[in-house]
Structures are given as structure tokens and as C-alpha cells.
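As the structure lists them, so they are numbered: ligands from 1, and atoms in each ligand from 1. Predicted model, so just to flag it, every value in this text is computed and none were measured.
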Amino acid sequence: MNIRLYNARILSMKEGQDIFAGEIWVKNDRILYIGDGSDTDQIYQKSPNTCIVWDREIDCKGNLLMPGFKNAHTHSGMTLMRSYADDQPLADWLNQMIFPVEAKMNGEDIYHLSKLAILEYLTSGITAVFDMYLTPESIADAFDDMGMRCVQVGGVNDFSQSPELVEEMYLKLNKKYPLQSYVLGFHAEYTCQKGLLEQIAAFSHKYKAPVFTHLAETESEVAGCVERYGMTPVAFLDSIGMFDYGGGGYHCVHVTEEDIEIMKKRGMFAVTNPSSNLKLASGVAPVSNFLENGVKVAIGTDGPASNNCLDMFREMFLVTGLAKVKQKDAQAVDAFEVLKMATVNGALAMGLKEADILAQGKLADLIMIDLNQPNMQPIHNIPKNIVYSGSKQNVIMTMVNGKILYENGTFYVSDSPENIYRKAEQIKQRIIK
Ligand SMILES: [Zn+2]
């Protein structure tokens, strides 16, 4: 498909580039041209025989094109447990409500439940997710069938999956599907015995690859690790070589100054999940401290059982709002910094170096934000409008890999919403009743 998006405002997220009026040309999966439209001759000069026949030319009517959001931590298949287990402490929530349901879920269930999550991602302008869940192959099938980009991360622990499966999926899923990839990882320190963790660290050394995991989410998790190993989770995992090739942690709420030093030294990402941390009363991540110490921060929704929605706008507002309250400083973590976390940093954490910004040759993973709605007017400062007053209702187009998957409230994917909702309801009836 060749798509020309003209009469747009463009927020490329390229370092030092301000919002400008212009157009974007998409050829197949890539951005062929981005600019103010005055220099499109260069495309033809570079390849004189080029003749572009547009499949679509879209008048953006002054609305904003920007890189799609990267949801840097989620568990898509947990849509089954949305609003099923709420208002409980994390340990009870996980052990008494979530794990028993998960024990009854199969790969086919997770295939359909992931599709439900994908619909929600698209409405929120999310063009790629960093997903950790139970059945990697059926998850990859769901994302592949829907045309959605997904980076999976190993979620092994003592009672589900195995280190061997993590290695097998690492080798298989990075080859099999164009829009899918797989990163080494494990569920969390507190759900894995030391031997298992050492196996994951060994894979990281074998493949010179980063490792991601739930990290320092709760006070009790940190206390348990200190009791077991005499070190915080960050320090303990680092001591067994887990982060020698980088990686990162999801949540990173209860970290010490020494932990932040280690994260900086290892080039680790802190993926913050503010809604989940609030709802499960885990605490507020020290986002300002990460930034001051040069630790890159990305943003994730976490799963729909602990959030309960998959909405990057809500997360973005909470990231800055909570940082301001925690620091008692209204200047803390400004809106543009938050947008960078939600786009560029997320892409870098997920290994999507081709989908971080809008630039010639980059992947066409982009969204259109409707500025012609009451909550976006008048226009003083678009990044602040998006983070402080924006919502998913402003997302009027979501394009992944050069294909429009969602436009003006309609999904252009391989399955109908009605069918996906019906499947989710059937799974609920069978497993939960
Ligand atoms: Zn999680």
C-alpha cells in the first residue's frame, strides 16, 4: 500500500525537531518521505524511474501525526480477569484469584483474549506492546493474525513454562514472524528459584542479549529477597550476571540509590506502570530519580487485571502527576519528557530501533490525533494537550507497519469485534462462570 498523509501537523519525536506542518508518504511498511512538502522532488531524483500510485491520499485537516505509543509492559491475555479480581492486596490477588484462573487457561483461550487486548491497544494509539504471558506461540499467532506488532518477553517461573521454553521461543519467534519478536526474561525474582534464574542469566551471556523482569514492585518482594540473599532484587540479580547485557525492570517502585546506580551502569530501562501500582497499592516509582541519574524510563499499562484498562493516555498523565506529587515539584517530568517515554524510550526498551521516531526510512508505525475536539482547543502547546488533556477519543487513526488498523472508530483487522467479544464471553463462562 502507498498512502499519502497530507495537510498534517507532524510531531516526529526526532531530537531537536519541533512540530511542523507537512506530509508523510508511506510506501509498504516504511516512511518514504516526511517533510513540509516542498522537497518531494528528492524522492524522484534519487530513483528517476519511480512512479508512485497512491492507494489512498488522506487529508489530515491539520490534525497531528506522531509515532504510535509503545506499551512497554502488559499481559494481554489477562483481559479475561478484567474487573474480576479487584480491591485486594497483591499477594492475595495473585495467589487466590489470578493464578487459579490462569491454571485453567489454554493457548487457544489466550489467542482470543489477546485479540481483545489488541482492539483496545489500537483505540489508544498503541502500535507495539511488550507482552509477557503464558503461551508465547498462540500470542504470536494472535498478534500476527491481527497485523499488530508485539515483542514478547519470557515469563517463566517455578510453576509455569521452563528455561528451555524461553530459549526455544527466543530462537523461534525472532525468526518466524515479521511483526513479532522475543526477548529473554522471567516472571520475577520471588517466583523463581536461584537455579532457574542462573539459567536465564546463562542464556543472556550465550546470546549477549538483554533480560527483562518484574522488579522491585512491592516492599514485601524486596524484603523477601533481602531475607533470601541479603541483597535487593536489583543487586541480587545483577550479582548473578543477569543484566550484564542490559535489559530492565517492570515497575521498579522500591529501589535504593545503589539499585539505581546498578541500573545506570548496566544501561537498564525502568518501565513504570503507574495505574497498576496505584490500584494494587504498591507505591509510586521514583521516576524523577531515574531521569536525574540517566536511567531511561518507558511506560506500560501492565495487564488488564491490575489496571484495568489498556490506555496510554491515563498512564502518561499519572506518570507526570505522580512524579510531581512525589517530588513536591510541579516542574517534575514535563509533558514532552512523558511523550518521549511513551514513544522513543518504549521502542528502544523493546528493541524496536526502527519504530522510535518518524523519519525517512523508519517503520510506518504512526497515529493521528484529532485536534478538532473540545479537549484539544485552543492549541497553545500540543505535547501538553496530549499528556494533560488528551484521551483515547482523540485517536482517529492507528497505523502499524504501514497498514491502517483503526480509523475513525472502525477496526480494519482480520476478525470482527463482535466475534472477539463473543469468544471472550464464552471463555469467561467456561473458566470463571
Ligand atoms: Zn506485570
task = Measure from the Zn ion (ligand 1) to each N, O or S atom of His251 and report whether any distance is below 2.8 Å.
result = no
remark   = At the Zn ion (ligand 1), NE2 of His73 and NE2 of His214 open up to roughly (10° bins) 90°
Tyr121 side chain to Ser76 side chain, donor-acceptor N/O pair below 3.5 angstrom = yes
Pair Glu315, Ser275: side-chain N/O donor-acceptor within cut-off below 3.5 Å = yes
request  = List the steps, then state whether salt bridge (charged side-chain N to carboxylate O under 4.0 Å, His left out) holds for Glu354 with Arg149.
outcome  = CA-CA 12 Å; Glu354 307 274 299; Arg149 202 178 298 285; over 6 Å; no
inquiry  = Only N/O/S atoms count here: what is the atom of Asp302 closest to the Zn ion (ligand 1) called?
reply    = OD1
key: By salt bridge (Lys or Arg N to Asp or Glu O under 4.0 Å) - contacts of Asp259 (at least two apart)   = none
